[in-house]
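As the structure is a computational prediction, the values presented were derived from the model and not from experiment.
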Amino acid sequence: MVWEVLGRIWRLQRSLREETEPALEALGLTGLEAWLLRVLEAHPYPSEAARRMGLPLPTVSHMLRRLEEGGFVERSLDAKDLRRFAFRLTARGEAARRQAEALMEAAVRRRLARLSPEEVQDLLSLLARLEET
């Protein structure tokens with residue numbers, strides 16, 4: 001049963017990624033980078049973003065370098081601690097984030113449309129319980 005649950009989660013995630021990847025690539029982003037753009041709005045420091053995403057800091061740092069080189073984000077020194085850099089989205093990054101979110105939302109909505117409103121609420125409740133540590 002455990003492997004069935006894991007397999008279904010994996011296949012759903014893979015299906016969503018395969019559906020959205022070509023359009024994200026046209027924007028110059030990977031799925032993780034699109035997610036990072038969203039996370040940066042509330043968590044502008046690399047270590048905070050890495051914790052929020054559950055990814056290793058070196059992975060997030062690498063993605064931030066790529067996003068910075070692509071003109072999606074820019075870094076600035078923290079006025080309170082000159083050893084720390086914060087990242088914020090540029091106009092290009094904000095536009096790409098909005099487009100990426102629309103793509104991902106559409107893909108998820110197509111799948112959620114197969115469920116009743118009550119089933120969607122049940123799914124959200126169950127996922128929240130499974131996320132608890």
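- The side-chain heavy atoms of L89 and L67, taken from C-beta on, include no pair separated by under 4.5 Å.
- Here R8 pairs with E4 under the side chain to side chain donor-acceptor pair (under 3.5 Å) rule; sequence neighbours left out.
- Side-chain contact between L123 and L115 is present, with at least one heavy-atom pair separated by less than 4.5 Å.
- Sparse packing is recorded around CZ of R129, with 12 or fewer heavy atoms of other residues, nucleotides or ligands lying under 6.0 Å away.
- Follow the hydrophobic side-chain contacts under 4.5 Å out from L127 and you reach V120 in the same cluster.
- At least one side-chain heavy atom of L36 sits under 4.5 Å from a side-chain heavy atom of L40.
- W10 carries R17 over the face of its six-membered ring, with the cationic atom under 6.0 Å from the centre and within 45° of the normal.
- Note that the CZ atom of R65 and the CZ atom of F87 stand 9.0 Å from one another [nearest 0.5 Å].
- Note that the CD atom of Q121 and the OG atom of S116 stand 10.0 Å from one another [nearest 0.5 Å].
- Atom CD of E119 sits about 11.0 Å away from atom CG of L126, to the nearest 0.5 Å.
- A continuous path of ILVMFWY side-chain contacts below 4.5 Å connects L12 to L124, so both sit in one hydrophobic cluster.
- The structure places CG of L27 at 11.5 Å from CZ of R98, a figure rounded to the nearest 0.5 Å.
- Residues L37 and F72 are in side-chain contact: their nearest non-hydrogen atoms beyond the backbone lie under 4.5 Å apart.
- By the rule that hydrophobic residues join a cluster once side-chain heavy atoms approach within less than 4.5 Å of another member, V39 and F85 end up as members of one cluster.
- Panel note: side chain E33, backbone T30; a donor-acceptor pair is recorded below 3.5 Å.
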Show me the side-chain donor-acceptor pairs of residues 46-57 shorter than 3.5 Å, one per line, residues at least two apart or across chains.
none

Hey, can you pull the donor-acceptor pairs under 3.5 Å for the side chains in residues 100-112, sequence neighbours left out?
from: E101; atom 1: OE1; to: R38; atom 2: NH1; distance (Å): 3.4
from: E101; atom 1: OE1; to: R97; atom 2: NH1; distance (Å): 2.8
from: E101; atom 1: OE2; to: R38; atom 2: NH1; distance (Å): 2.6
from: E101; atom 1: OE2; to: R97; atom 2: NH1; distance (Å): 2.7
from: R110; atom 1: NE; to: E19; atom 2: OE2; distance (Å): 3.0
from: R110; atom 1: NH2; to: E19; atom 2: OE2; distance (Å): 2.1
from: R111; atom 1: NH1; to: E19; atom 2: OE1; distance (Å): 2.7
from: R111; atom 1: NH1; to: A107; atom 2: O; distance (Å): 2.9
from: R111; atom 1: NH2; to: S15; atom 2: OG; distance (Å): 2.7
from: R111; atom 1: NH2; to: E19; atom 2: OE1; distance (Å): 2.9

